[in-house]
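Shown next, in structure tokens, is the structure this report addresses.
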Amino acid sequence: MNRVLSAVSLSLLLTPWSASAGQACIKQSPPHTVALLELYTSEGCSSCPPADHFISGLNEAGLGADRVVPLSLHVDYWDYIGWKDAFARPLFTERQYWLSAQGRSRTVYTPEIFVAGQELRNWRLATPAAVRRINEQPAQAQIALSAGMPSNGSLPVEVKAKASRDAALYVVLYQSGLSTEVKAGENRGVQLRHDYVVRDWIGPLALDAQGGPASLPRALAVPAGAMAQDLGVAAFVQTPRGEVLQALALPLCSG
């Protein structure tokens, strides 16, 4: 997972498409570091629903988007026990192993939560303090997000990023308000609800600390039937050793 993809398009300085795309959302990262929270979960895991519920309630608990960017990444290694998770991707399993390796661990499990690239075992109690510590740090990267509205199965976005040292940029599309009636496996007969589920993923894309701001125009794949009010775009900058320099989330504008 520490392989960095070629990012020729990052060097392009383009006229922003958003000026002619009608309704657009724009957001700039703050001067403090926003915490990136990654939940590794699975619909085939009976101990995962409490963690899913936990990140769904972060905003109500006072941990809003200016403080933390939550992402739910569904892994595929529990699919064999009877229920295939439709949101799972091998890429997310690979990333979980990579993050664990950065912490010198060979063990992965669900639910597992990482905050700013660091495993957080006692997440029910420890998350607010961990987020607060990260928020107290000045940001080492800058991110700007611009998103249009979904059309024909795609979402036009533009991400501008600049880092204080060599790092990689990641861009994701997430979806909330999801519901699944599980019909097999450990959660058989349970109606599961999910928020902040990662549906599309771009990265890692190299950022050179010696260069200027990078501009990335892309179209993210929108799941069939997804409603704009349930979608959002997130971006984060991370070093090859797993340190997250900045994160930013942008829910789509309505209308």
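Note that these values count all heavy atoms, side chains included, but never hydrogens, waters or copies made by symmetry.
Both Leu73 and Val108 belong to a common hydrophobic cluster when Ile, Leu, Val, Met, Phe, Trp and Tyr are linked at side-chain heavy-atom distances under 4.5 angstrom. Note: the hydrophobic cluster containing Leu91 also contains Leu99 (ILVMFWY, side chain heavy atoms under 4.5 Å, direct or indirect links). Linking ILVMFWY residues whenever their side-chain heavy atoms come closer than 4.5 Å, directly or via other members, places Leu63 and Tyr174 in the same cluster. Hydrophobic clustering (side-chain heavy atoms under 4.5 Å, transitive across Ile, Leu, Val, Met, Phe, Trp, Tyr) groups Leu245 together with Ile202. Clustering ILVMFWY residues whenever any of their side-chain heavy atoms sit less than 4.5 angstrom apart, transitively, puts Phe54 in a cluster other than the one holding Phe87.
For the pair Asp200 (side chain) and Val172 (backbone), a donor-acceptor distance under 3.5 Å is absent. Here the side chain of Ser176 pairs a donor or acceptor atom with the backbone of Tyr196 at under 3.5 angstrom. Under the 3.5 Å distance criterion, the side-chain polar atoms of Asp85 are matched with a main-chain donor or acceptor of Glu43. Remark: the backbone N or O of Asp76 is paired with a side-chain donor or acceptor of Thr93 at under 3.5 angstrom. Judged by distance alone, the side chain of Gln96 and the main-chain N or O of Tyr109 form a donor-acceptor pair under 3.5 Å. Judged by distance alone, with hydrogens and angles left aside, the side-chain atoms of Asn135 form a donor-acceptor pair with the main-chain N or O of Thr33 at under 3.5 Å. Within the 3.5 Å criterion, the main-chain N or O of Asp66 finds a donor-acceptor partner in the side chain of His32.
Here the shortest heavy-atom pairing between Arg193 and Ser179 reads NH1-OG, 3.6 Å. Heavy atoms only, all atoms of each residue included: Ile26 and Ser146 are closest at CG1-OG, 3.9 Å. Shortest non-hydrogen contact noted between Gln102 and Pro240 is OE1-O, 3.7 Å. Looking at every heavy atom in both residues, Leu120 comes nearest to Trp123 through O-CD1, 3.6 Å. Ser154 and Val222 get closest at one heavy-atom pair: C-CG2, 3.7 Å. Scanning all heavy atoms of the two residues, the minimum distance from Ala116 to Ile134 falls at CB-CD1, 3.4 Å.
Leu178 pairs with exactly one of Asp52, Asp195, Val197 by the side chain to side chain contact (heavy atoms under 4.5 Å, CB included) rule, that one being Val197.
Lys183 has no carboxylate O lying under 4.0 Å from a charged side-chain N of Glu181, or vice versa, which leaves the two without a salt bridge.
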With side-chain contact (heavy atoms from CB on, under 4.5 Å) as the test, would you mind laying out the steps for Tyr40 and Phe114 before giving the verdict?
-> CA-CA 8 Å; Tyr40 288 86; Phe114 292 84; 3.8 Å; yes
Just do the side-chain contact (heavy atoms from CB on, under 4.5 Å) check on Val157 and Leu250 with the steps written out, would you?
-> CA-CA 11 Å; Val157 300; Leu250 174 65; over 6 Å; no
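Side-chain contact of Glu119 with Ser100: a donor-acceptor pair under 3.5 Å is absent, judged by distance alone.
Using cut-offs of 30° and 60° on the angle between ring planes, the pair Trp201 and Phe236 is perpendicular.
Between Pro49 and Val190, the closest side-chain pair of non-hydrogen atoms is not below 4.5 Å. With contacts defined as side-chain heavy-atom distances shorter than 4.5 Å, the pair Pro138/Pro31 does not qualify. Here the side chains of Val34 and Ser29 are not in contact, with every heavy-atom distance at 4.5 Å or above.
Residues passing the side chain to side chain contact (heavy atoms under 4.5 Å, CB included) test with Ser164 are Gln140, sequence neighbours excluded.
Atom CZ of Arg67 and atom CG of Asn59 lie 11.0 Å apart (nearest 0.5 Å). Within the model, atoms CG of Leu248 and CD of Gln28 stand 7.5 Å from one another, a figure rounded to the nearest 0.5 Å. Note that the SG atom of Cys45 and the CG atom of Asn187 stand 7.0 Å from one another [nearest 0.5 Å]. The line from CD of Glu38 to CD1 of Ile113 is 10.5 Å long, rounded to the nearest 0.5 Å. Rounded to the nearest 0.5 angstrom, Leu252 CG and Leu155 CG are separated by 5.5 Å. One finds the CH2 atom of Trp83 at 9.0 Å from the CG atom of Leu192 (value rounded to the nearest 0.5 Å).
Relative to the ring axis of Tyr170, Arg95 places its NZ or CZ within 45° and under 6.0 Å from the centre.
For Arg165, the CZ atom counts as densely surrounded, since its 6.0 Å shell holds more than 12 non-hydrogen atoms of other residues, nucleotides or ligands. Atom CD of Glu243 is surrounded by more than 12 heavy atoms from other residues, nucleotides or ligands within 6.0 Å.
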